[in-house]
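Worksheet: one structure, shown below.
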Amino acid sequence: MNRERKDTDLLDLLAALHAGRKMIVGGTLGMCVLAGALSFLVPEEFEAKAQILPPKEQKQGFGFSELLAALPIPTLRLGEKGTPADIFIATMKIPGTRRMMVEEFDLLQRYDVETMTDAIEVLAAKTTVDKTEEGTIQISVLDEDPQKAADMANHYIALLDLTNRKISHKTASERLDFIRELLEEEDRKLEEKMDLLEEFQSEHNAISIEDQARAVIGAAAGMQTEAMELEISRQGLILSGLDAGHDRVKKLQQEILLRQEAMAILRDGLEVGSGDLLRSKTLQLELDENLFLPLKQIPGVAQEFATREKDVLVQKALLQLLLQQEAEALIEAKNTTSTVQVLDPAVAPEIKARPQRLLIILITGVLSLFASLSYTLGMVYVGDIRQRWREERRGTD
């Protein structure tokens, strides 16, 4: 038996849509009306917004912060990867901040929930904290009461400032304690180094090495010049016919020896020159009373003095820098200024944020229309399949 198979074409679909036009239009309108009616059952909520400026990078200290960065001193920087603005946002999103919000505004009763966890979840759903395209930080809070929404948004900022100052004061106090311990230790080291320097000066009579060296060189040069002049005079007397035993020649010889002894003392010091050369009791001065540094000892004494003096100067500079850091930490510990710059505080909104009834009705209408069209076309397609199935069954029979 020959039979002709007919497929569903576009005309059949258009005919089906035309036949079901009342159901499509009526169903769409009915769903829009129902959605509009149900939207009135949803409580109205107002959205209050506040904006703050992102925090600046941490300020530098009085010139010593870079050196202390390598030391185990806590800093205000809470994160490593996030920016300061990200840290502000994270601070307002942490459960601790939201727990304080729940307690401040009695949100357990306001949200009609039993546990703190549920209240925090509802508050998180009604709160948006994020960076704007302009780079500021915006806090948005939804609530049925417009003034309450504004108060909650502003209180987020107050809690952020409170948290920042608490962390700042704690960090500054710990830093202050650390610096004061360091100051005490370094002050003790300074006293030790100053005692060593003073002991070295007393031992070597190193009062002012440059001036003393200049004086020793000048005195030695003068002694040598005088000795040479006396030697010339002595040789002149001998050439004039006087023998070496003459009183005038002997006197000049003694003066020459005295100057040579003095030059030996200036060159080698009393301990070295107190042997064969040192005959006169007038030259036997005690070392503590001798202001001249021996020429041979000046380089070593000068180097050792410079090393010890450098230790003292470095220690003094370190103490001065630590005192500056102590002052900075003390200022931070006592600082009560706000850590947040409010660009635009939240005010009670005049227009509700949700529900957006027109948008709800529009979306419902689009979805209902799509569902009605799909249902109508689906029924045509299913009817066509059934018809084919019947025809095939009759053909086999």
Counting N and O atoms only, with roles assigned by atom type, does the side chain of Asp311 sit under 3.5 Å from a partner on the main chain of Arg308, one being a donor and the other an acceptor?
no

For the atom pair CG (Leu142) and NZ (Lys148), what is the distance rounded to the nearest 0.5 Å?
15.5 Å

Pairing of Lys189 and Glu186 as salt bridge, 4.0 angstrom limit
yes

Please name the pair of heavy atoms, one in Ile137 and one in Ala85, separated by the smallest distance, quoted to 0.1 Å.
CD1-O, 3.8 Å

So if you build clusters from Ile, Leu, Val, Met, Phe, Trp, Tyr with side-chain heavy-atom gaps below 4.5 Å, do Val141 and Tyr111 land together?
yes

State whether Glu144 and Arg110 are salt-bridged, where the test is any N-O pair (Lys NZ or Arg NE/NH1/NH2 against Asp/Glu carboxylate O) under 4.0 Å.
no

Side chains of Gln51 and Thr136: do they bring a donor and an acceptor to under 3.5 Å?
yes

Should the pair Glu184-Arg188 be classified as a salt bridge under the 4.0 Å nitrogen-to-oxygen rule?
no

Report the distance from atom NE2 of His169 to atom CD of Glu174, rounding to the nearest 0.5 Å.
13.5 Å

Could you go step by step and tell me if Leu159 and Met92 meet the side-chain contact (heavy atoms from CB on, under 4.5 Å) rule?
CA-CA 8 Å; Leu159 290 179; Met92 287 185 281; over 6 Å; no

Enter the distance from Glu134:CD to Leu53:CG here, rounded to the nearest 0.5 Å.
12.0 Å

Working note: Leu330 + Arg180, criterion side-chain contact (heavy atoms from CB on, under 4.5 Å); need CA distance, chi angles, decisive distance, verdict.
CA-CA 11 Å; Leu330 184 61; Arg180 283 177 173 172; 4.2 Å; yes

Distance-only, no hydrogens or angles: does the Thr97 side chain make a donor-acceptor pair with backbone N or O of Thr91 under 3.5 Å?
yes

Do Phe105 and Phe46 belong together in a cluster built from hydrophobic side chains that touch within less than 4.5 Å?
no

Using the rule given for side-chain contact (heavy atoms from CB on, under 4.5 Å), can you reason through Phe370 versus Val366, listing the C-alpha separation, both sets of side-chain angles and the distance that settles it, and then say yes or no?
CA-CA 6 Å; Phe370 178 77; Val366 172; 5.6 Å; no

Gln235, CD atom: more than 12 neighbouring heavy atoms under 6.0 Å
yes

Any chance you could measure Leu319, atom CG, to Gln324, atom CD, to the nearest 0.5 Å?
11.5 Å

State, to 0.1 Å, how close Glu47 and Ser140 come at their nearest heavy-atom pair, and which atoms those are.
OE2-CB, 3.3 Å

Here's a test for you: under salt bridge (charged side-chain N to carboxylate O under 4.0 Å, His left out), which of Glu181, Glu332, Glu326 qualifies with Arg175?
Glu332

Rounded to the nearest 0.5 Å, how far does OG1 of Thr117 lie from CZ of Arg99?
8.0 Å

Heavy atoms of Asp143 and Ala149 approach each other most closely as CB-CB, 3.8 Å

Residues Lys49, Asp344: salt bridge by 4.0 Å N-O rule:
no

Can you hop from Ile52 to Met101 via hydrophobic side chains spaced under 4.5 Å?
yes

For the pair Asn164 (side chain) and Thr339 (backbone), establish whether a donor and an acceptor sit closer than 3.5 Å, ignoring hydrogens and angles.
no

Can you tell if the side chain of Glu114 reaches within under 4.5 Å of the side chain of Leu108, non-hydrogen atoms only?
no

Any donor-acceptor N/O pair, Thr171 side chain to Ile167 backbone, under 3.5 Å
yes

Determine whether Val129 and Phe88 satisfy the following criterion, side-chain contact (heavy atoms from CB on, under 4.5 Å), listing intermediate values before the conclusion.
CA-CA 10 Å; Val129 182; Phe88 267 27; over 6 Å; no

Quick check against the 3.5 Å criterion: does Asn154 have a side-chain atom that pairs as donor or acceptor with the backbone of Ala150?
yes

Distance check, rounded to the nearest 0.5 Å: Asp118 atom CG versus Met116 atom CE?
10.5 Å

Identify the heavy atoms of Lys131 and Ile89 that sit nearest to each other, and give their distance.
CG-CD1, 3.6 Å

Would you check if there is a donor-acceptor pair between the side chains of Asp151 and Gln147 at a distance under 3.5 Å?
yes

Compare every heavy atom of Ile120 with every heavy atom of Pro95, then report the nearest pair and how far apart it is.
O-CD1, 4.2 Å

